[in-house]
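Working notes, beginning with the structure itself.
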Amino acid sequence: MSASPSPNLLRRGDDWFTGRGWTAFPFQHEAWKAYLDGKSGLVNAPTGSGKTYSLILPILLEFLKEHPDDPAKANNGLQAIWITPIRALTREIQAAAERAIEDLGMKWRVGIRSGDTKTGERTKQRNKPPEILITTPESLHLLLASKGYEKFFSDLRVLVADEWHELLGTKRGVLVELALSRLRGIRGNAFRTWGISATIGNMQEALDVLVPAGTRERIIIRAKASKETEMITVMPDEIETFPWAGHLGIKLLEKVVPIIYESGSTLIFTNTRSQCEIWYQRLLEADPDLSGAIAMHHGSISRELRDWVEDALHQGTLKAVVCTSSLDLGVDFRPVETIVQIGSPKGVARFLQRAGRSGHRPGAKSTIHFVPTNSLELLEASALRRCIENEVIESRIPYIRSFDVLVQYLVTLAVSGGFRREEVLKEIRGTFCFASVSDEEFAWCLDFITTGGNSLGAYDEYHKVVRDEEGVYKVESKRVAMMHRLSIGAIVSETTLMIKYMSGGYIGAIEEYFISSLKPGDTFWFAGRSLKFMKVKGTEALVKKSNAKKGKVPSWRGGRMQLSSQLSAYLRKSLEELKLEDYHDAELLKLAPLRDIQAHRSAVPATDELLIEYFHDREGYHLLMYPCEGRGIHEGLSSLIAYRIGQFAPLTFTIAMNDYGFELLSDQPIPIEEALGSDLFNLTELTADLNAGINATEMAKRRFRDIAAIAGLIFKGYPGKQKKEKHLQSGSQLFFDVFTDYEPTNLLLQQAYDEIMTFQLQEARLRSALERINGQTILFQQPRKATPFSFSLIVDRLRERVSSESLQDRIKRMRLALVRE
DNA sequence: GACCTGCTGCGGCTTG
């Protein structure tokens, strides 16, 4: 059926919606109204709730209102841009939009502009823009880098940022902010901005970043119906034999098998790609009947194989898929029935997002099984449960002053028509990210792209942009323009090798350093297959099928997720309940025997206590503290404490940390009591001591690699011919050193240090952690041997230093030492 | 009796 279009359609909206078998929710009506009133805003709705229609429809309806007699009018120019963080979502949105257009009897076209869009299609789009264009932040910037883009955008009335919570808090979000500032510059008041976001802790800020105050009237629209989530912890039968350390979780594997059988379809989330590979194999070993019924999915597996898995899941031919966060977003599955999370999700938002992949219908309950991988994760389960009950959820902290992205953007504009200083400065100051940029800083950026700045002036290749007589900044060199288009974006990946069969066929990607640990003929497992490594050819690692049952499992250097501050706070509460034997949930009750060992050998801290353990064994003198603040904070805190103790005695420490605490290990006695008596946690000297204690230069140097790549200092190579990691590393280090020596005020260099303070050491959070510790009672314990709390720290440290074979020996020896005592 | 850590996302050329 094709509803006859009418300006009154909104009022008859219910009929039209139910006619299609959809339900119209109050929040959708609210969004339609706000949109048609000319507002900008943010729609806060879960996936599966019809959030796309909450914004597609009013865009169409507004046009119909303006052209009631000519709904089929074609060639209206580009009316709306829809941004998504991942390409796979563009097709879904296109389908939804086309459905709505057809229902209204309109003739609008919906185009996709992404890396998948063919050249011919791109040309067509440029000559005759679709009314709705669905794209990614990167592709939008590529459009800004093409000649005559102003004309292309000249009819635009709205930009919708879908899954805005995914982009906020990333440099890709900064790309969106910058593109928006330009579109507002072109279209002025005729332009609206809308976002669609899942619930996060800082909803208002999410709106402020997307739609700066003062641009238009703004509103946040919330879908009221909150999703019910049931969390089921998979319990070890007896805590006595459950590991105190480790993150693999195989011990509970046999309890996961029945979960798979009881449900039509299951997603099993793991935290790392290697864990994903291992679980897939182990599940098949545990139950060969699952062969053909389960598959795996992670980011290093080729797109082709992943598509196959996604399709099979969609069609219901697979019972379960073991995956990483590669399936957090993306393909709109036929609702998956059951979710399993192996190991700590480290954050409430991530856990709920994964849970939400089940019961993917409005009103349906989501169910998630949590599989702890070690004893302390039962504590996290309890904390997680409380966070869900109290609707505590993490925030996404937006980047500010990302000069690398700004510099890239300026060159992007210079590649197309060129830009004028005052105009662009005014626009970027309207963004959240660059509101505080001073005249001098902006002048530095212009200098940097025109002359290479103070330190690179001698090198022509950094004179990318010229300023002509009329004051327009533009790129004149075709080569510079091309290389720039090739490097637009804010994602910097590890360089990888493609895994290919000798006979052809691409399976996935693997990191250089893993392949360098293999000899030709070695077997390894990848994508659930046993492969024999043959040789490296260019950027390809060639392999053959193997029948070997044993082999290495690759590991990748990914990001380290750390416990969120929200979850950390609840973890400390759970600890207190453990101490008080206030067992309000099954997880804590299960931990009772472990609690007794900890309390007997040492102590369990309450929320107003800081536990410090100090003991001596054949390894040396161990000093352990448990602030339970998450790994990043412990990284800063441990260096700070090590530095301050070092003021009393010239000691060398080996430092280890995890989400619960940190360890300082020394071969000499540690004057801890003296140190504790001396205001060890004082805040006054924090910045100075931190700078003295950490190796900020080393940390900043690593961080600088990405900054240099985004700012266009390092060319990553032509597509399919990427440069070796070694070259990228040494290139960025060279720049780092040159800037440090000759231009210490270089904004990119400073940015590297700022990012360390903001994201890695999290100075603000560190400060409040110290404040909290200063108000706590110190619980100083001298256990005779390792405690349950200390165990995972000690094992982690051992693992970092030695190979896994000898790790077994080490642990065996440790155990013997424990027994002997 | 305690161990196999480390996510995701995008984009794109030339010349034979």
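So that the names make sense, note that chain A is the first sequence line, chain B the second, and so on, each numbered from 1. Here the structure is a predicted model, which is why all the values come from computation and not from measurement.
Within the nucleic acid shown, A/Met561 comes within 4.0 Å of at least one base atom, counting heavy atoms only. At the heavy-atom level, A/Ser487 lies nowhere under 4.0 Å from the strands shown. Counting non-hydrogen atoms under 4.0 angstrom, A/His141 reaches nothing in the nucleic acid. Counting any heavy atom pair closer than 4.0 Å across all strands shown, A/Thr270 reaches no nucleic acid atom. Contacts of A/Glu240 with the nucleic acid, taken as non-hydrogen atoms under 4.0 Å apart, include base atoms. Heavy atoms of A/Gly299 sit under 4.0 angstrom from primed sugar atoms or phosphate atoms, though from no base atom. Contacts of A/Ile488 with the nucleic acid, taken as non-hydrogen atoms under 4.0 Å apart, are absent. Residue A/Leu142 is classed as a sugar-phosphate contact, given heavy-atom separations below 4.0 Å to backbone atoms only. Contacts of A/Arg479 with the nucleic acid, taken as non-hydrogen atoms under 4.0 Å apart, are absent.
Between the side chain of A/Thr324 and the base of B/dC7, no donor-acceptor pair of N or O atoms lies under 3.5 Å.
Classification of the A/Phe791-A/Trp244 ring pair by plane angle, with boundaries at 30° and 60°, yields perpendicular.
When all heavy atoms of A/Thr170 and A/Glu166 are compared, the closest pair comes out as CG2-O, 3.6 Å. Nearest heavy-atom pair, A/Phe715 versus A/Leu486, reported as atom, atom and distance to 0.1 Å: CZ-CD1, 3.8 Å.
As a whole-Å value, the separation of A/Phe715 CZ from B/dT14 P is 11 Å.
Residue A/Arg122 has a polar side-chain atom (N or O) positioned under 4.0 Å from OP1 or OP2 of B/dG12. Distances shown here put a side-chain N or O of A/Arg273 below 4.0 Å from the OP1 or OP2 atom of B/dC7. Remark: A/Ser274 is in phosphate contact with B/dG6, judged by side-chain N or O atoms under 4.0 Å from OP1 or OP2. OP1 or OP2 of B/dT8 has not a single side-chain nitrogen or oxygen of A/Arg557 nearer than 4.0 Å. Within the structure, a side-chain polar atom (N or O) of A/Ser555 is placed less than 4.0 Å from OP1 or OP2 of B/dG6. Between A/Arg306 and B/dG9, a side-chain N or O to OP1/OP2 separation shorter than 4.0 Å is present. For B/dG11, one of the phosphate oxygens OP1 or OP2 lies less than 4.0 angstrom from a side-chain nitrogen or oxygen of A/Ser139.
B/dC13 takes the syn form, because its glycosidic angle lies no more than 90° either side of 0.
Taking every side-chain heavy atom of A/Ser493 into account, B/dC10 is the closest of B/dC4, B/dC10, B/dT8. Distances from the side chain of A/Ser325 to the nucleotides B/dC7, B/dG6, B/dC10 place B/dC7 closest.
Residue-to-nucleotide proximity on DNA chain B shows that, of A/Leu248 and A/Phe242, the 5′-proximal contact is made by A/Phe242. Summary of the strand contacts: A/Arg485 and A/Lys346 both lie near DNA chain B, and taking for each the nucleotide with the nearest heavy atom, the more 5' one is attributed to A/Lys346.
Here A/Trp244 does not count as stacked on B/dG1, because the ring centres are not under 5.5 angstrom apart with planes under 30°.
With rounding to the nearest 0.5 Å, the separation of CG in A/Leu175 from CG in A/Leu406 is 11.0 Å.
For A/Glu254, the CD atom is loosely surrounded, since the number of other residues' heavy atoms within 6.0 Å does not exceed 12.
The one candidate from A/Val174, A/Leu168, A/Leu167 that meets the side chain to side chain contact (heavy atoms under 4.5 Å, CB included) condition with A/Val209 is A/Leu168.
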